[in-house]
Structures are given as C-alpha cells and as structure tokens.
Amino acid sequence: KAVGQFRRGGPADIPGGYQIGDRVISEISYTFSSGFVKKDDVGIVRGPSTGRDLGRVNVDFPRLRSANMLLTQVRPCSEGGPDQEKNGSVAGGGCIPGEGGVEEQQKTP
C-alpha cells in the first residue's frame with residue numbers, strides 16, 4: 001500500500017487538503033542525510049506524514065524521497081504556465097517535473 005493509503009479502513013486525511021499525487025513546490029532549500037531539496041523544486045504528495053507530526057505532508061522530490069514537510073514549506077502548484085523548466089524545478093509558477101524530475105526518477109530501476 002502507498003504511504004497514507006489506508007488508516008482504519010479508509011483513505012488517510014492529508015493535511016492542507018492535498019491528495020495523493022498532487023504536485024507541490026518547495027518553499028525551502030535544505031539538505032538531509034538522505035538527499036536535498038531546493039526552493040522551487042517540484043514534488044509529488046505521497047500522503048500524510050510518516051512521522052509523529054501529523055500536521056506534515058509526505059512528499060517525493062527529485063533528489064529527496066519521503067520528506068515530511070510542514071504546510072509552510074510547500075505550496076500547491078498550477079499546471080502549465082509559460083516559464084516551465086524541465087529539471088524538476090519551476091520558474092514563474094509553472095509546475096511540471098519533466099525530464100530528470102520525480103516522474104523520470106520513479107521510472108528508473
């Protein structure tokens with residue numbers, strides 16, 4: 001089962017009204033022991049936090065998997081926009097992970 005797929009027999013509540021598969025944009029740059037995220041990186045929501053802080057949302061970023069992010073550390077993104085980049089980041093509000101982003105990395109064994 002996907003992270004947060006089921007709790008007590010039903011879909012888990014994800015903070016901020018997010019749904020599994022929603023794209024979000026990082027508001028922070030931070031390095032973790034398992035990878036890093038840069039401001040404006042595009043991530044995909046996996047579910048609610050995997051930790052004790054249920055006010056966080058679990059997100060996969062291109063260079064960081066399963067990051068439990070505060071709602072102030074991500075924002076929802078809109079599809080499209082003229083200023084899209086193809087490196088997993090956004091400029092000007094577009095939001096497509098594209099080549100080298102989360103979707104491409106998930107295809108790689």
Side-chain angles (χ1 to χ4, degrees):
K1 294 180 185 176
V3 172
Q5 186 176 1
F6 294 100
R7 287 196 182 164
R8 295 187 194 156
D13 289 329
I14 302 173
Y18 290 109
Q19 301 292 316
I20 292 172
D22 284 352
R23 290 190 172 111
V24 293
I25 301 168
S26 174
E27 293 283 2
I28 64 167
S29 293
Y30 196 81
T31 299
F32 299 84
S33 60
S34 58
F36 64 94
V37 62
K38 290 183 179 179
K39 185 174 180 353
D40 293 331
D41 276 356
V42 176
I44 297 177
V45 174
R46 295 182 61 203
S49 174
T50 58
R52 294 180 188 212
D53 185 353
L54 299 180
R56 294 178 185 247
V57 61
N58 188 268
V59 180
D60 277 345
F61 290 101
R63 292 165 295 271
L64 180 66
R65 297 278 188 234
S66 191
N68 292 321
M69 306 290 284
L70 293 168
L71 294 178
T72 57
Q73 296 173 330
V74 293
R75 70 179 189 272
C77 57
S78 59
E79 290 294 329
D83 299 315
Q84 300 164 2
E85 296 180 17
K86 292 188 176 182
N87 64 358
S89 293
V90 298
C95 189
I96 296 178
E99 201 170 307
V102 174
E103 291 171 343
E104 289 297 316
Q105 288 187 7
Q106 289 175 343
K107 293 177 189 176
T108 305

Undergrad: Rounded to the nearest 0.5 Å, what's the gap from CG on D13 to CG on L54? Could you check?
TA: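 Answer rounded to 0.5 Å: 10.0 Å.
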Undergrad: Would N58 and S49 satisfy side-chain hydrogen bond (donor to acceptor under 3.5 Å, both in side chains), going step by step from the backbone distance to the final call?
TA: CA-CA 5 Å; N58 188 268; S49 174; over 6 Å; no
Undergrad: Check for me, please, whether L70 and V59 land in the same ILVMFWY cluster - side-chain distances under 4.5 Å, paths through other members count.
TA: no
Undergrad: Under 4.5 Å between side-chain heavy atoms, counting indirect links through other Ile/Leu/Val/Met/Phe/Trp/Tyr residues: same cluster for I25 and F36 or not?
TA: no
Undergrad: Is there side-chain contact between V57 and Q73, with heavy atoms separated by less than 4.5 Å?
TA: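 V57 vs Q73: side chains apart.
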Undergrad: Under a 3.5 Å cutoff, is there a donor and acceptor pairing between the side chains of N68 and T50?
TA: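 Yes, a side-chain donor-acceptor pair sits under 3.5 Å.
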Undergrad: Can you name the nearest heavy-atom pair linking V42 to P62, along with the distance?
TA: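 Result for this residue pair: O-CD, 3.2 Å.
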Undergrad: Quick one about R46 and S66 (side-chain donor to acceptor, distance below 3.5 Å, no hydrogens or angles considered), yes or no?
TA: yes
Undergrad: Determine the minimum heavy-atom distance between F61 and D41, stating which atoms define it.
TA: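 Where F61 meets D41 most closely, the heavy atoms are CE2-O, 3.7 Å.
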Undergrad: Nearest 0.5 Å, what's the OG-CZ distance between S34 and R65?
TA: 11.0 Å
Undergrad: So does D53 pair up with R56, basic N to acidic O under 4.0 Å?
TA: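 Yes.
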Undergrad: Between the side chain of S29 and the main-chain N/O of K39, is any donor-acceptor distance below 3.5 Å?
TA: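 Here the side-chain-to-backbone pair exists.
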Undergrad: State whether the number of non-hydrogen atoms from other residues, nucleotides or ligands found under 6.0 Å of Y30 atom OH is greater than 12.
TA: no
